[in-house]
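Here the structure comes first, spelled out in structure tokens, and everything after it is commentary.
Each chain gets a letter, A, B and so on, in the order the sequences are listed, and its residues count up from 1. Hydrogens, waters and symmetry mates are skipped; everything else that's a heavy atom, side chains included, is used.
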2 protein chains.
Amino acid sequence: MARRSDHSRDEIRQMALDAAEKIIIQHGYKGLSARKIATDMGYTVGTLYLIFKNLDELILHLNMHTLDALYEQMGITVERNPAPEKCVQALCRAYYDFACSNTHRWSLMFEHNLSEDMGIPEWFSAKVAYGFTLLERVLQPLVKEKKPAEVCIAARALWGGVHGITMLAVTDKLDVSGVNSVTEILDSLVENYMQGFVSGAG
Amino acid sequence: MARRSDHSRDEIRQMALDAAEKIIIQHGYKGLSARKIATDMGYTVGTLYLIFKNLDELILHLNMHTLDALYEQMGITVERNPAPEKCVQALCRAYYDFACSNTHRWSLMFEHNLSEDMGIPEWFSAKVAYGFTLLERVLQPLVKEKKPAEVCIAARALWGGVHGITMLAVTDKLDVSGVNSVTEILDSLVENYMQGFVSGAG
DNA sequence: ACCTGAACACCGTTCAAGT
DNA sequence: ACCTGAACACCGTTCAAGT
């Protein structure tokens, strides 16, 4: 049993996040509980509430960490694909791949609908917005004549689309009973959208 | 307090589903519990487990009812839009509108990730598949030269896309901080995808 | 000051016991 | 046969009390 002053506040905080992440990866959202996190850390439940306002706040931080991991993958994908046309498709596939390889962590970002009273904090929204920015930077060179506002819409349309297909695929609701693989569907969305977008009237 | 034989098994079943739906509409997934459903019906918790295997099964039936309501709206949309081009867009908007007007019921279909041991039952998958069929029937006349397999992929790409944008919008993760309305983003997806799809090589 | 552990108000699910 | 209600094993969250 951990004694007082064994760990600093920051250490406890990190231990909690690490324990929670471990549980999520292994057992998913439903397997997570404050008591399990505490046990895993070697502390009591009460201690968690000295560090975090509630479980929602802890999960929010977990999700931010997941977003960082996702963005890192996306960053690598951008570097590896200097040609913008290929890069858009690669980014979309990277998103799907990330969701498949990190299902529980990725799912947590969407399963966790924070309680109505506590809206999404600004710093989290900012992190989400950064993802769109990443895509916008790849899209803009492809349609130099278009205004940033149009690219902004395109990034959201495309990203939302990829997200939806990924979500349905991961939760087994895409009805891919035939020969179609999810990748085929993803590529169809990206290719056809991009064709329409690039050739479309400004 | 309800006494034995006051209601038939089917009546109790319907009372449970009605009570649950009422709670969901008012308070969402987090506000739902077996005890609340039972209280609302005027029965004891135990009674619920004479009718349903568990809460997951009850929710599955609720979701089927929601799907029916959604398909009814989609059916009306198809009837009102005989021109296929317009119809695709109208259907996608109808999906978004349904999600906005029935947020809690619609959310339940995706918040509720049934426990791993109990996979999605066949009769539910069949209902989901029907939604894709509806869209396929509208898409096919637009690309008469294309094979059904391609239309099948297109339906999933488009529908998944619309679903993703809707989901992100409803849960406030689309970052529509600028002037862009969600409808603009939806239309961008549909228009550009369809342009690419219709003009694309078979 | 730091942490505990018991308490409160909830859960889903089961099942012996009542009518 | 139908339904109850108490029990079991869990929750998130709080806070007086200990060291």
Quiz item: In terms of side-chain heavy atoms of B/Tyr49, which of D/dG12, C/dT13, C/dC11 is nearest?
Solution: C/dT13

Quiz item: Charged N to carboxylate O below 4.0 Å: is that the case for B/Glu136 and B/Arg156?
Solution: yes

Quiz item: In whole angstroms, how far is the C1' atom of D/dT14 from the CZ atom of A/Phe52?
Solution: 18 Å

Exercise. List in chain and number order the residues that pass ring-ring contact (aromatic ring centres under 6.0 Å, His included) with A/Tyr29, two or more places apart in sequence or in another chain; answer none if no residue qualifies.
Key: none

Exercise. Check side-chain contact (heavy atoms from CB on, under 4.5 Å) between A/Val143 and all other residues, then give those that pass, not counting sequence neighbours.
Key: A/Glu145, A/Lys146, A/Val151, A/Phe197, A/Val198

Exercise. Would you mind reading off the distance between B/Ile51 atom CD1 and D/dT4 atom C1', rounded to a whole angstrom?
Key: 14 Å

Practice problem: Begin from the C-alpha positions of A/Gln14 and A/Asp18 and carry the test side chain to side chain donor-acceptor pair (under 3.5 Å) through to its verdict. | Solution: CA-CA 6 Å; A/Gln14 200 51 53; A/Asp18 289 346; 3.2 Å; yes

Quiz item: What is the distance, rounded to the nearest whole Å, between atom CD1 of A/Ile37 and atom P of D/dT13?
Solution: 10 Å

Practice problem: Please identify each residue that fulfils side-chain contact (heavy atoms from CB on, under 4.5 Å) with A/Asp187, with sequence neighbours left out. | Solution: A/Gln89, A/Arg93, A/Thr183, A/Glu191

Self-check item: Pairs where residues 73-85 of chain B contributes a residue and the test side-chain hydrogen bond (donor to acceptor under 3.5 Å, both in side chains) is met, not counting sequence neighbours
Solution: none

Practice problem: Grab the CD1-P distance between A/Ile12 and C/dT4 for me, whole Å please. | Solution: 8 Å

Quiz item: Quantified in whole Å, what is the P atom distance between nucleotide D/dA9 and nucleotide C/dA9?
Solution: 22 Å

Quiz item: Who passes side-chain contact (heavy atoms from CB on, under 4.5 Å) against B/Val45, sequence neighbours left out?
Solution: B/Ala34, B/Arg35

Practice problem: Could I get the full list of ring-ring contact (aromatic ring centres under 6.0 Å, His included) partners for B/Phe110, not counting sequence neighbours? | Solution: B/Trp106, B/His163

Practice problem: Using the test side-chain hydrogen bond (donor to acceptor under 3.5 Å, both in side chains), find all partners of A/Lys36 that sit at least two apart in sequence or belong to another chain. | Solution: none

Quiz item: A/Asp6 CG to D/dT19 P: how many Å, rounded?
Solution: 17 Å

Taking only N/O atoms, report every protein-nucleotides 6-8 of chain C pair under 3.5 Å with atom names and distance.
residue: C/dA7; atom: N6; partner: A/Arg35; partner atom: NH2; Å: 3.3

Quiz item: CG of B/Leu50 versus P of D/dT4: gap in Å, rounded?
Solution: 9 Å

Quiz item: Counting any heavy atom closer than 4.0 Å, what does B/Thr47 reach on the DNA or RNA strands: base, sugar-phosphate only, or nothing?
Solution: base

Exercise. Could you tell me whether the phosphate oxygens of D/dC11, OP1 or OP2, come under 4.0 Å of any side-chain nitrogen or oxygen in A/Lys36?
Key: yes

Practice problem: Can you tell me the distance, in whole Å, between the CE atom of A/Met15 and the P atom of C/dC3? | Solution: 10 Å

Quiz prompt | DNA chain D: stems of at least 3 consecutive Watson-Crick or G-U pairs whose donor-acceptor distances fall under 3.5 Å | solution = C:4-8 with D:12-16, C:12-16 with D:4-8

Quiz prompt | Rounded distance (Å) that lies between atom P of D/dC10 and atom CG of B/Leu55 | solution = 19 Å

